[in-house]
Structures are given as structure tokens and as C-alpha cells.
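Since the structure comes first, as C-alpha cells, the remarks are kept for the end.
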Amino acid sequence: MTGPHSRHRRALAIPLGMAMATAMAFLPGATASASGLPGTTADVTGAVLASADADGTALSYVVNVRPGHGPSAQVKKAIAAAGGTIVTSYDQIGVIVVHSSNPEFAKTIRKVRGVESAGNTRNAPLPAQSTTDEGTPKALNSAQLAAAQAAADAGQDPLESLQWDLPAIKADKAHEKSLGSSKVTVAVIDTGVDDTHPDLAPNFDRAASVNCVTGKPDTTDGAWRPSAAESPHGTHVAGEIAAAKNGVGMTGVAPGVKVAGIKVSTTDGYFYTEAVVCGFVWAATHGVDVTNNSYYTDPWYFNCTDDPDQKALVDAITRATRYAEKKGVVNVAAAGNENYDLAADEITDPVSPNDGTPSDRVIDPSKCFDIPTQLPGVVTVASTGAKGIKSSFSNHGLGVIDVAAPGGDSTAYQTPLPPATSGLILGTLPGGKWGYMAGTSMASPHAAAVAALIKSRHPYAPPALVKALLYAEADATPCTDPYDINGDGKVDAVCEGSKNRNGFYGWGTVDALDAVTK
């Protein structure tokens, strides 16, 4: 199956339009100071010898070795001899980030004793969008802000009347019991977070925030923020999770928890392996309880383990997610926006590599993985719309989807009850604004926030228990059969499984009220 592709694969970014009633246009489908991480070796430089292509353009690589002790002298020497320069090494997981202009670097280094896998992380030259949103954010104008405030009930934040997604998961009722604990932090691994936003500033965790774009942490003040030219995606996600209940703007699903920004996407919107690895390791070592991942790791939508380069990327990020979970982190990820059946025998991927020359390739999703979404231990989240059924764009798959959560849909397909007027999801936008977006990018943070509420109620629960409660407390949602989202008489996707676990909704739709009461 093929489908439309958005780099922000997890969210369908759609700025709140000039009219809140407007439906989505289309839904398918500075010098930085670096701070090291515990167990990390940075700036280890190897000489670039004549064997490197002097006229070549440097690419980035990951070299995976046995975890625990850092690269051996033999591996360091081999990297230098092959024309590589070590940028940083995550010794605790055995992942080394290397730059090299030698086109044979990966092939050469894979032959070295002690190297378990190695591959280039990109096709585009250094420095080089894969979040899971649809379209462009639609920002609220002053008239819309005023109208929403007038419709708000007593005790609601001014824009809460537009947030149909809160009652969809009983978050409004949950807030009467608990807003979540300020001792719990959700890290948004994404395009950056504008912590100056009035709805985010009260809950922002600066100590857990960082810029990981280069593959090593940059803790310069504000390095985690997106520039004016960059995507608002991460800021929107952060608001969905933890916009403060403070009489300003909107309300997050868990408005009492902390939110951190871990910026991993380039200016052009690419999420490369070295940055994602840095993000997970940073979260693991800086007190983060939950990570939200509304993207796929570029440049491959699916990474096939029978390809040595792609296998190295899977190895590196698998190590990073497992390390984070071992350190107490629950990792939550969006399922993607192409209406793919991730449990199918085969899928046609027409967009990879998205930083090179893509071509249609038929892949087996049981052997070729969307990372981090399909990695072991990661909570995979599908999207629902205002009517509570699978969003038109949301990926699905029996045994792949763990839970579902509101991510929005075309208002023409799933219209919310008044006073809400848009079928999209309201969130914070940089510069103190608010706007609509849709996609599994918006579903994932709802699930991450519910996980944070569970962690707030059960502060000593390990990740396995938090996930078990997330699944057990979800509201069982039966298959939508037949699934004809646009009403044209044709089945748009097939749901397999039972009421209690199926390919559209997994274990069910997340439940915020149960999260704070059970």
C-alpha cells in the first residue's frame, strides 16, 4: 500500500487557519558550547589520511561497538586510517558518531575487529522533514481567540472549549482529581520547544532540555528552541502534553507535569540517527520519565536490517531506546500518517531515502522498521478523530499499534461537537500563539501525557508497569468495520483483531481519568 508522505510523519502540521471552522486543506494522507553526557567521549579526532576522498563531501556515520568501555585503541586507529573523525562516542551503549569524506568508510570499518555494525546516517552532505503531522499549522487570530474565550466555561482556560480531545480521553474529568506531578518530566524529542511561550514557561524543565542536532549535546541557553524559520512542531506537541492550567490559552493533558525540549531536527527538518541517539541518551541521564517521539528517523522511512547501512541505524537507536528504558524512561512514538498496515506482508515505500533520490521499493515491515516507532519496548500510538474512530491518515496494524489517542482528522470526516469547530488538535505555537495541527504526531503526545499522569500517581513504577497500566486502563475500542472514512462506498482500511486488542486501536483509547484514579 502506498500513501501520501509528510516528513513530520507523526504529526500533520496544520496552522490554525483564519477561520476555526475551516477544515484541513488535505489529510491523507550561533557558536554553541557543548556539554558532555555521562559515559560520553567527545571530540576525539582521528587524522584524515590520504585514503579519504580529498574531494569528497563529509557524511555522518554511526559505528557500533560493544557497549560499556568506549572505542578501543584499535577501533580508534582504524577509524582514523579510514578517513574518519570521531565526533562523539556514547560509550554506555557503544555508539560512535563519525564524520568522513571517504565514500568507502562504512564498508572499510565494518571489517575491523570489534566493530559490530556501521553505516552512513544520511545521503545529503553535512549539514543536511520527517515529523508525523499533516499540512501546515493554522494559527488562531484575535477574533477566534475572543470567541473561544467567550465560550469557555467557569474553571476552563480560555481556549479549552476548542479542545474536544480533552473530554475524548476524559482529561477534563482527570483534571478535577489531579493535574499531574511537577516531579515528572516529559521530554519532547522533536524540532525544538519555545519555552518562552506563556502556556509552556510555567512547566518548562530547562535542566532536561538540550540541542542534540549535531549528535552531541549543546546546552547553550535556548539552544533547544526552534528558530523563526524552523518547524513549530515540537512547540505544538509540548503544549498538548503540558500547557499550564493558568488562565492563559489552552490546557495540556497533563498540565501539572514538567516538559523539556530535546531538539534533534536540522534546520531543514531532518531527524538523523546521531541526533536521535543523543536525545535518548540525554533523556536517560537527565531525569526524564517519558519521551515523546513524533517523527521517523531520516532518511529511510523503513530501515531494512539486510542492508548493512540501515542495520547500523536500527542497531544504534535500538541501543539508545533500550538504555533509556533501563534508566526509567517510557518511550512513546507516533505510528505515522500514510494509512499503512504495518502488519501487512509488504508495503511499497516511495519516499526513501528522502534526502537523496527516492524510488519505489517493496519492503517487509517485519524486517524493515520505522524507527523508533517499531522498536521493542516503544509505545506505538495510532490517531483518532473527533468521532473517536481511526483518523483517515493513521497507520495501523494488529500487534504493532499499542494504543490510540486523539490526533485529529479532516473536519469533513469527523466533526466535533460544539463549541469546538475544528476536527484538528489545538496546541501551542512559537511566539505566544496557538494553532491547529493534526496527525499521529498529535496522538502520540496525548498518550505520553497519560503515561506521565500514571507516573505521577505511581512515582516508583518502572517503565514496564507504567506501560502495563497505560494498556490496561485504555478504553477498549472495537474495530471500525467497514472503515469507509470518506463515505464513497470503498473500504479505506481493514481492521483486524478483537474489541480488546486490534490493529486500529491496539489495547484501546488512552484514558486520563483512570490514570489519575487507579
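Note that the structure is predicted; figures quoted are calculated from it, not measured.
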Run the side chain to side chain donor-acceptor pair (under 3.5 Å) test against Arg66 and tell me which residues pass, sequence neighbours left out.
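Not a single residue meets the side chain to side chain donor-acceptor pair (under 3.5 Å) criterion with Arg66.
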
Hey, mind stepping through Asp218 and Thr220 against side chain to side chain donor-acceptor pair (under 3.5 Å) and telling me if it holds?
CA-CA 6 Å; Asp218 170 10; Thr220 304; 2.7 Å; yes

Nearest-0.5 Å distance that lies between atom [atom1] in [X] and atom [atom2] in [Y]:
X: Arg361; Y: Ser352; atom1: CZ; atom2: OG; value: 4.5 Å
X: Ile317; Y: Ile371; atom1: CD1; atom2: CD1; value: 4.0 Å
X: Thr273; Y: Tyr61; atom1: OG1; atom2: OH; value: 13.0 Å
X: Ile96; Y: Lys76; atom1: CD1; atom2: NZ; value: 9.0 Å
X: Thr291; Y: Ile262; atom1: OG1; atom2: CD1; value: 7.5 Å
X: Thr121; Y: His99; atom1: OG1; atom2: NE2; value: 7.0 Å

N/O donor to acceptor pairs below 3.5 angstrom from side-chain atoms of residues 198-214, sequence neighbours left out:
from   : atom 1 : to     : atom 2 : distance (Å)
Asp199 : OD2    : Met250 : N      : 2.9
Asp199 : OD2    : Trp434 : NE1    : 3.0
Asn203 : ND2    : Ala242 : O      : 2.9
Asn203 : ND2    : Pro255 : O      : 2.8
Asp205 : OD1    : Ala207 : N      : 3.2
Asp205 : OD1    : Ala208 : N      : 3.2
Asp205 : OD2    : Thr185 : OG1    : 2.9
Arg206 : NH1    : Asp195 : OD2    : 3.2
Arg206 : NH2    : Asp221 : OD1    : 2.0
Arg206 : NH2    : Asp221 : OD2    : 3.4
Ser209 : OG     : Asp205 : O      : 2.8
Ser209 : OG     : Gly261 : N      : 3.0
Asn211 : OD1    : Val213 : N      : 2.9
Asn211 : ND2    : Ala223 : O      : 2.9
Thr214 : OG1    : Lys216 : N      : 3.4
Thr214 : OG1    : Lys216 : O      : 3.4

Residue pair [X] / [Y], side-chain heavy-atom distance below 4.5 Å:
X: Asp91; Y: Pro71; value: yes
X: Arg319; Y: Asn64; value: yes
X: Val97; Y: Ser60; value: yes
X: Val65; Y: Ser72; value: no
X: Ile169; Y: His446; value: yes

Quick check on the 6.0 Å ring-centre criterion: do Tyr90 and Phe280 meet it?
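Tyr90 vs Phe280: aromatic centres not under 6.0 Å.
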
Give a yes or no on whether a salt bridge exists between Arg110 and Asp309, defined as a side-chain N under 4.0 angstrom from a carboxylate O.
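Judged by the 4.0 Å cut-off on N to carboxylate O distance, Arg110 and Asp309 do form a salt bridge.
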
Taking atom types as modelled and ignoring hydrogens, do the side chains of Thr266 and Asp268 form a donor-acceptor contact shorter than 3.5 angstrom?
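No, no side-chain donor-acceptor pair sits under 3.5 Å.
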
Crowded around Lys467 NZ? As in, over 12 foreign heavy atoms under 6.0 Å?
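Yes - once you tally the heavy atoms of other residues, nucleotides and ligands closer than 6.0 Å, there are more than 12.
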
Which pairs pass ring pair (Phe, Tyr, Trp, His ring centres under 6.0 Å) with one or both residues in residues 361-383, sequence neighbours excluded?
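Those involving residues 361-383 do not exist here.
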
Apply the side-chain contact (heavy atoms from CB on, under 4.5 Å) test between Val98 and each candidate in Val87, Ile109, Val63; give the one that qualifies.
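Option passing the side-chain contact (heavy atoms from CB on, under 4.5 Å) with Val98: Val63.
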
Using side-chain contact (heavy atoms from CB on, under 4.5 Å) as the criterion, point out the one residue from Asp190, Val193, Leu429 that pairs with His233.
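Only one of Asp190, Val193, Leu429 forms a side-chain contact (heavy atoms from CB on, under 4.5 Å) with His233, namely Asp190.
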
Distance-only, no hydrogens or angles: does the Ser391 side chain make a donor-acceptor pair with backbone N or O of Ser394 under 3.5 Å?
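No; zero donor-acceptor contacts below 3.5 Å.
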
Between Gly70 and Ser89, which heavy-atom pair has the shortest distance, and what is it?
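Nearest heavy atoms, Gly70 then Ser89: CA-OG, 4.5 Å.
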
